[in-house]
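In what follows, chains carry the letters A, B, and so on, assigned in the order in which the sequence lines appear, proteins first and then strands, with residues in each chain numbered from 1. All values below come from the heavy atoms of this structure, side chains included, with hydrogens, waters and symmetry mates left out. These numbers come from a predicted model, not from an experiment.
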Amino acid sequence: MTQPQPPQPPQPLHVRRRATGGDTELSLDVPSDLDYVGRAVELIADQLPGGPLSPRRIRFNFRTAFAEALANAIAYGNHRDPGRVVHVRVEVAHDAVRVHVTDEGNGFDPKGVPDPTLPERLEREDGRGLFVLKSLMDQVAFNEKGNSVCLTLRAG
Amino acid sequence: MSFSLKKDKQGVVVVGVDGQLIVGNRQELKQKVLDTLESGGRKFVIDFTKTGYIDSSGLGVLVSLSKKIREQGGDLRLCGLNEDLQTLFELTKLDTLFAIARTPEEALAAF
């Protein structure tokens, strides 16, 4: 008879840090499991060098948008496939912070997402992710394939 | 512990959200509220005084809970949103869907 397996301990997350000139780059690979989103966000937010962003913008805009992009990449990009990871790269320059979130999926067309604030969509449970991202960031840019998003928060 | 549930003297269930309400913990909140709804609770306040951020999944679970509570003849009110969270509700127009009070006391007094 097969013994039930004990729950697997969560995989540790490691932030890699690189400094070039006055800029800093943090990078992290996140397993395709939504339980990692909160931990990954806190890990990066805690290690974000002070400077371009106010504590308030880090606490709210950065955390919310990063959580949003990461959850989208895990759920819709990688379809929670344990064999895939989400690659995160955060560039911290004097004038802005740029977060690149890249999944290993086939990409999607951001233009095909309807406005979640329309009266007929307001009571839907889902469909607000991209809208929230765009509302909280200074710029949101997808690559051509649609599997990588760059979120920009300008200094302030 | 992300969520705390307390029932006041009038039977209003006050749910505190500590830290964040996001994709990783929204099911826990949903289950706790639905369990209380099933055991007869009808009046709910969700208090965000200690909440740093809410993502779209968190907003979605609030929409879903609001509908389920209303279907059972109950009422859900939100309170304690800081300026940033209040802005998030306004941008998404969810401020038009929820009764939002400034403090837990004001939310309780409105029942």
Next on the checklist: Is there a side-chain contact (heavy atoms from CB on, under 4.5 Å) between D55(B) and V132(A)? Walk through the geometry before answering.
Outcome noted: CA-CA 8 Å; D55(B) 73 1; V132(A) 168; over 6 Å; no
Find out if a path of hydrophobic residues (ILVMFWY) with successive side-chain heavy-atom gaps under 4.5 Å connects [X] to [Y].
X: V85(A); Y: L13(A); result: no
X: L108(B); Y: L76(B); result: no
X: V45(B); Y: L29(B); result: no
X: L43(A); Y: F66(A); result: yes
X: V12(B); Y: V15(B); result: no

Checklist entry - Can you say whether S66(B) sits under 4.5 Å from chain A via the side chain, the backbone, both, or neither, judging by heavy atoms? => result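 S66(B) has no heavy atom closer than 4.5 Å to chain A.
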Next on the checklist: Please classify the contact of I22(B) with chain A as side chain, backbone, both or neither, using a heavy-atom distance under 4.5 Å.
Outcome noted: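 Side chain only.
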[atom1] of [X] to [atom2] of [Y]: how many Å apart, nearest 0.5 Å?
X: R57(A); Y: D84(B); atom1: CZ; atom2: CG; result: 10.0 Å
X: I54(B); Y: E68(A); atom1: CD1; atom2: CD; result: 11.5 Å
X: E83(B); Y: F60(A); atom1: CD; atom2: CZ; result: 10.5 Å

Measure across [X] and [Y] and return the closest heavy-atom pair with its distance rounded to 0.1 Å.
X: S64(B); Y: E125(A); answer: CB-OE1, 3.3 Å
X: Y53(B); Y: R63(A); answer: CE2-CD, 3.5 Å
X: E123(A); Y: V63(B); answer: O-CG1, 3.3 Å

Checklist entry - Based on non-hydrogen pairs under 4.5 Å, which of L122(A), D35(A), L130(A) is most in contact with chain B? => result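 Most heavy-atom pairs within the cutoff with chain B belong to L122(A).
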Got a sec: does the [atom1] of [X] have more than 12 other heavy atoms crowding it under 6.0 Å?
X: K30(B); atom1: NZ; result: yes
X: R80(A); atom1: CZ; result: no
X: D46(A); atom1: CG; result: yes
X: K145(A); atom1: NZ; result: yes

Checklist entry - chain A: which of N25(B), L85(B), N82(B) shares the most heavy-atom pairs with it under 4.5 Å? => result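 Top count of heavy-atom pairs under 4.5 Å with chain A: L85(B).
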Checklist entry - Going through the distances and angles, do Q20(B) and V41(A) end up as a side-chain contact (heavy atoms from CB on, under 4.5 Å)? => result CA-CA 11 Å; Q20(B) 64 266 352; V41(A) 169; over 6 Å; no
Checklist entry - Considering only heavy atoms, which portion of R124(A) lies under 4.5 Å from any heavy atom of chain B: side chain, backbone, both, or neither? => result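 Backbone only.
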